[in-house]
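The structure that follows is given in the form of structure tokens.
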Amino acid sequence: MMARLSIVGAALILSVASAAAQATTSRAARFVDSLLARMTLEEKLGQLTQLPGRWGDTGPVVPEGGEGEIRRGQVGSFLGVFGAGYTRRMQEVALQSRHKIPLLFAHDVIHGFRTIFPVSIAEAASWDPQAVEHAARIAAIEATAAGLHWTFAPMVDIARDARWGRIVEGAGEDPYLGSIMAAARVRGFQGTDLSAPNTMLATAKHFVGYGAAEGGRDYNIADIPEVTLRDIYLPPFHAAIDAGAGSVMASFNEVAGEPVHASERLIDGLLRAEWGWNGVLVSDYTGVLELIPHGVAADSASAGALALRAGVDVDMVSRIYLNKLAPLVRSGRVAMRDVNAAVRRVLRAKYDLGLFADPFRYSDTTRERQTLLAAEHRAAARALARKAIVLLRNEGRALPLSKSLGTIAVIGSLATDARSSIGNWSAAGRAEEGVTVLEGIRRAVPSARVVHARGADSATADTSGFAEAVRVARDADVVVLVVGEHQEQSAEANNRAFLGLPGAQEGLVRAVRGAGKPVVVVLMGGRPLAISSFADSVPAIMHAWYLGTEMGNAVADVLFGDANPSGKLPVTIPRTVGQVPLYYNHRNTGRPPVANQKYTSKYIDVPWTPLYPFGHGLSYTTFAYRNLRLSAAAMRPSDTLIVSVDVTNTGDRVGDEIVQLYIRDEVGTLTRPVKELRGFRRITLQPGETQSVSFALGSKDLAFHDAALDLVVEPGFFRVYVGSSSERVEEARFELVDPRRCGKRVLRREVPRFTWPAKSRMGAVICR
Ligand code: BGC
């Protein structure tokens, strides 16, 4: 009876809550409509205009164009400026405009605001969505205190090409992990109530296919088959939108000959009509103007017309909407309906953020003083940084190091590079507030003699520091060699055609190894580095990425065993750049590689396998997987199959393991990947402890887009793999049966181009 009553009670609360949500929605719509009805065309175009903020020597200054543009209602938002006092002053100017429409302040708050967390690829390496959500929450708490309302994050681009500099900004190569991280970060930034003073609008970017730039060259074209677009590149965007992302940014690239900024098919069609999303679509920086060099617009007016028609609401920086669209609207070349729809979405975002109720809600100097770099924010950054470190190799248990070592040589210019420790896109982060690797080591072992030598840097071929590095190494008990890329080498437009250590660092590794002391390599960087030249000849390698404000402390925690490493690679590490693109979820081909069989798909000069596979990462303890079992040998599309395995900590330390589950569809109407991640779980095990870990598989986990672009599951055999990486796995098999003998089950039917119905049919199970 009690249970029954509580169910009734819960249902009542739910229906009251949804009635309240509906009332808010229609109140918001009425407010926006009545405002829109009073606006001139120029004021409308102003709302769609985002201008760059300007920084003077001591902080943000009155933006280009002066306060007049704001007062005339010609600016809807600013980019790149913040500060509670400053944004308050600018809002005061906006309130002098005819309709008193508050401004939006936007910025790239990517992996922290003032307290900097690990770069996004490193956050993904933690495989810990709760911790990643918490990091985004803290970033929003800090950023909103400084007057920001809108972040251009999360970046959810799938990247299969290590040459691409922006691989550092996403969650790596896998759509499943990428989707989980995308949703976690949206939840963190936006919280549960966008109007709260410490939550901000999140932007899923860059829509879409930006990570597939040909040759790994940023901004290059992306040639993506439609099924790959839907199975690989789109899912993280869908996950971000399901999590409530209020904004999406268009990408610079073209897909199949259509620049995304002009793609009605992708923006108004797929995002809005098919997925039913109604948030703010912002252009990328000068993305509207770039339709001219793309070659689809002859001049800026046509570029603006194309972008607005495609569904780009906000013109970032190009000023084309503001300066060029009014005559086109008046002559009918651009539909007023499209302008109104875009303005409605912008005004609605301002309403949802609570800015009409209180334009100064986010500009709170007291809160700004109290929250930035708060002690608990630093503690969270350190905890996540520890989890993000991936131990790639640890021969003879070279790590952890003893704290009673006499002399430790720390070699490499990156060991003292405070700017690189916090990584690119570090918002209001300050290098001097961060802890470098050298500082972290010194703090962790105050009794040891810690000697630093620069050795070489990552930007020049200068070898003059080698001799001193070798001398310092000879005098030490152990060498911690910090090498990799400085933060500008893993970032926008920083694409590389070689994936080895840049500068003279490979030579430095050789020279230091020659000193005959145990060498522990700490790799810094934002991309998979092809380190075959030394990977087998140093005892230990840890991938430490750029870990943020607490970088040095986290690295020392792991080096000296105060933390047990648990991160796993969210990307495949190739042996050499020639293997790229190299990713674990590839298709099999008709001639999969076989050693000693020449006419199979491989190289004659390098193995086809990666140096380290996706999902790889060691611990100071060991884990054994036993007793993989399935709840049934066969399932129907409507069933749930339970996959279980027993994981035991067989070592002598407490440790976290990330248990990974992959599937393979053995036979499909289209070729299927050799493995696809479909679940993971982070568990903590005491020495000797065993835990049974279970995963539920349903038809949506087995689905893919077929040749008709329907999302389908096809009857037949599937393999299930569970293990500690994409390579180290236990294996089982089950059959998907369809008693109705349909060829396949359609989970979601894609809608033909240009005839989008109001709603997608996602979730429906239709037998064809
Ligand atoms: C980047 C975006 C970023 C924007 C604004 C562009 O260059 O591609 O990711 O959000 O600048 O800073």
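Order of appearance sets the numbers: ligands from 1, and atoms from 1 within every ligand. Values reported hereafter were calculated over all heavy atoms of this structure, with side chains retained and with hydrogens, waters and symmetry mates removed. The first residue in the sequence is number 1, and the count goes up from there.
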Q) Any side-chain heavy-atom pair from Leu271 and Leu281 closer than 4.5 angstrom? A)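 Yes. Closest side-chain heavy atoms under 4.5 Å.
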Q: From the options Ser318, Ser77, Ser283, select the one residue that forms a side-chain hydrogen bond (donor to acceptor under 3.5 Å, both in side chains) with Gln50.
A: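 Answer after filtering Ser318, Ser77, Ser283: Ser77.
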(Q) Counting only heavy atoms not in Arg367 (residues, nucleotides, ligands), do more than 12 fall under 6.0 Å from its CZ? (A)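 Atom CZ in Arg367 is packed in, count exceeds 12.
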Between ligand 1 and the protein, find all N/O pairs closer than 3.5 Å and give the distance for each.
| from | atom 1 | to | atom 2 | distance (Å) |
| --- | --- | --- | --- | --- |
| ligand 1 | 7 (O) | Glu492 | OE1 | 3.0 |
| ligand 1 | 7 (O) | Glu492 | OE2 | 3.0 |
| ligand 1 | 8 (O) | Arg166 | NH1 | 2.7 |
| ligand 1 | 8 (O) | Asp284 | OD1 | 3.3 |
| ligand 1 | 8 (O) | Asp284 | OD2 | 2.6 |
| ligand 1 | 9 (O) | Arg166 | NH2 | 2.8 |
| ligand 1 | 9 (O) | Lys205 | NZ | 2.8 |
| ligand 1 | 9 (O) | His206 | NE2 | 2.7 |
| ligand 1 | 10 (O) | Asp108 | OD1 | 2.5 |
| ligand 1 | 10 (O) | Lys205 | NZ | 3.1 |
| ligand 1 | 12 (O) | Asp108 | OD2 | 2.5 |

**Q.** From Thr371, Asp364, Thr144, Asp193, residue fulfilling side-chain contact (heavy atoms from CB on, under 4.5 Å) relative to Asn198
**A.**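 With Asn198 as partner, side-chain contact (heavy atoms from CB on, under 4.5 Å) holds for just one option, Thr144.
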Q.
Can you tell me how far apart OH (Tyr362) and CD (Gln91) are? Round to the nearest 0.5 Å.
A.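 Result: 10.5 Å between the selected atoms.
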Q. Can you check side chain to side chain donor-acceptor pair (under 3.5 Å) on Glu492 and Tyr285, steps first, answer last?
A. CA-CA 12 Å; Glu492 181 171 352; Tyr285 206 96; over 6 Å; no
